[in-house]
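Hydrogens, waters and symmetry mates play no part in the numbers below; they use all other heavy atoms, side chains included. Index from 1, following the sequence.
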Amino acid sequence: MSEETTELSFSRDVSGTFRRSYGDPEEGETDESGGVAAADYDGDGDIDIYIVGGNTEPNQLYQNQGDGTFMEVASSVGLDLIAWGSGPAFGDIDGDGDLDLFIGAINTDPHYLFENRLNEDDGRFIDVTLESGITFSARKTMSATFYDYDGDSLLDLVVTHWNNAYEEGFDTETIWRNNGDGSFTSTSIESGIAATLVEGNFDYSFTANFSDIDGDGIGDLLMTSDFNESQVYLNNANGSFLNITNREIIKDQAGMGAAVGDYDNDGDMDWFVTSIYSGNGVEEYGNRLYRNDNTGTFEDVTVDAGVQNGGWGWGACTADFDNDGALDIVHVNGWGEVRDSNYRQQPMRFFHNTNPEALVFEERANEIGLDDRGQGRGIACFDADRDGFIDIVINNNDDNNIVLYRNQTDNGNHYLTVKLDGTGNNQLGVGAHITLTSEGGTQIRELGGTNNYVSHNPLEAHFGLGSATTADIIVRWPDGSETMTSNVNVDQLVTISR
């Protein structure tokens with residue numbers, strides 16, 4: 001971590017570019033909705049934004065114009081749906097190198113799977129939902145994540161279904177294996193997920209993240225769930241998972257969003273979970289930070305880290321916002337006035353990582369210009385204008401609408417952003433492990449397979465480097481092979497090929 005002063009500053013974009021309406025739902029029907037997906041859907045090198053809406057105005061696709069400004073283009077590419085959407089997720093389902101799109105839904109509205117044919121004669125996203133075989137009995141499909149869980153190089157789909165009734169032997173419709181021919185098959189039962197995902201009578205899962213928590217090169221599943229049901233699953237490398245949840249440690253009362261990252265720079269992945277802070281002094285209430293001990297075993301370090309009080313937390317993401325070499329945490333919050341006015345008009349949270357070795361954070365949202373008090377749900381963090389600093393997009397499900405915070409930090413710290421160019425069916429390198437070493441130390445990132453809560457960041461890895469001017473990068477591809485690149489100059493977006 002840089003010893004230099006690392007001042008942080010954000011400004012709210014007031015251009016009026018972003019808009020969205022949720023319509024007029026019945027009370028409580030859309031409290032959890034508000035998704036956003038950040039991805040380079042058109043392959044031009046900058047990051048675009050897809051926003052889901054309600055039942056009166058179509059979903060929006062904001063195309064990045066290359067300078068950090070955006071133009072709404074959903075209708076021109078076939079993505080202007082009108083539905084109670086949730087959890088949009090981009091992923092290359094057919095191995096052709098471009099990003100396809102899944103969109104979940106609530107209120108029994110239809111879900112969608114679109115194939116990206118922008119570079120083909122169609123020139124649009126094509127609805128392939130029926131051909132995919134993906135069907136849900138669940139009333140709400142919340143978050144979605146693409147990841148190759150079974151090691152066949154095809155990206156599978158993992159979804160969450162909050163408040164879905166459970167019966168013994170029930171197919172939770174969580175894991176959908178990619179068959180390689182455009183179709184998917186539910187493998188929730190055979191993978192072992194369905195047997196232990198639900199501890200009561202309902203599936204309360206909200207946010208799924210894949211991360212190699214035990215260092216064996218295979219992505220494990222961290223499932224954030226409501227009502228004391230968050231789970232930790234080790235990947236058995238044979239298409240099945242082993243539930244290793246220790247309920248004395250994994251004790252978030254109302255797990256909603258999540259942000260996985262190496263917060264202490266010790267070479268393994270830690271797990272931050274948003275929840276509800278009651279303010280009554282009960283240790284188990286509020287956000288949780290689970291620290292990895294290098295073997296995939298977690299310890300709860302929430303109180304010492306100072307990240308417990310997040311209001312009614314929802315979407316969260318982690319990034320090095322000041323490029324000092326340490327991952328920070330930002331998350332939105334809120335709850336409807338009818339349900340509990342104590343969580344109405346609460347500010348968002350920004351936990352600045354001030355001491356990664358000791359895992360100590362300082363809450364600084366208002367001080368640095370992050371002043372949103374809307375009903376925040378989805379959030380995405382990425383470099384919108386390619387200036388080397390991570391910006392923030394929030395999707396509120398009330399009148400505050402969509403907010404873009406531009407990172408105005410100017411502290412002289414350097415950075416590197418890494419994209420991957422793989423081979424075969426996983427050309428974008430989802431599941432790769434990226435290690436960067438500079439004069440400031442070693443940092444790791446994992447590419448893809450992550451979700452913030454009904455939202456996700458793009459398929460690129462950002463590293464803050466402080467005063468370092470060069471770095472060495474090692475990419476461990478999903479099949480275990482490695483690519484080494486030495487003496488990379490800083491302050492650029494670099495693509496590493498297989």
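- A distance of 6.0 Å or more separates the ring centres of Y263 and F272.
- Both the sub-6.0 Å distance and the 45° axial angle are satisfied by R445 relative to the ring of F463.
- A side-chain contact (heavy atoms from CB on, under 4.5 Å) with V332 holds for exactly one of W314, W312, Y453; it is W314.
- Relative orientation of the Y50 and F90 rings is perpendicular, given thresholds of 30° and 60° on the angle between their planes.
- Between F361 and F351, the ring planes lie perpendicular to each other; the angle is over 60°, past the 30° to 60° tilted range.
- With no hydrogens or angles considered, no side-chain donor-acceptor pair links H331 and N452 at under 3.5 Å.
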Stepwise, does the side chain to side chain donor-acceptor pair (under 3.5 Å) test hold for W162 with D226? CA-CA 8 Å; W162 185 85; D226 205 353; 3.1 Å; yes
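- Aromatic ring centres of W271 and Y290 lie closer together than 6.0 Å.
- With salt bridges taken as basic N to acidic carboxylate O contacts below 4.0 Å, one links R291 and D264.
- For the residue pair D491/H414, the side-chain donor-acceptor check at 3.5 Å is satisfied.
- N353 places no side-chain N or O within 3.5 Å of a backbone atom of D320 that could act as its donor or acceptor partner.
- The aromatic rings of Y112 and F114 lie parallel to each other, their planes meeting at an angle below 30°, with 60° marking the opposite boundary.
- Taking the six-membered ring for Trp and the full ring otherwise, F18 and Y62 have centroids separated by under 6.0 Å.
- Aromatic ring pairs are classed by plane angle as parallel below 30°, tilted from 30° to 60° and perpendicular above 60°; the pair F102 and H111 is tilted.
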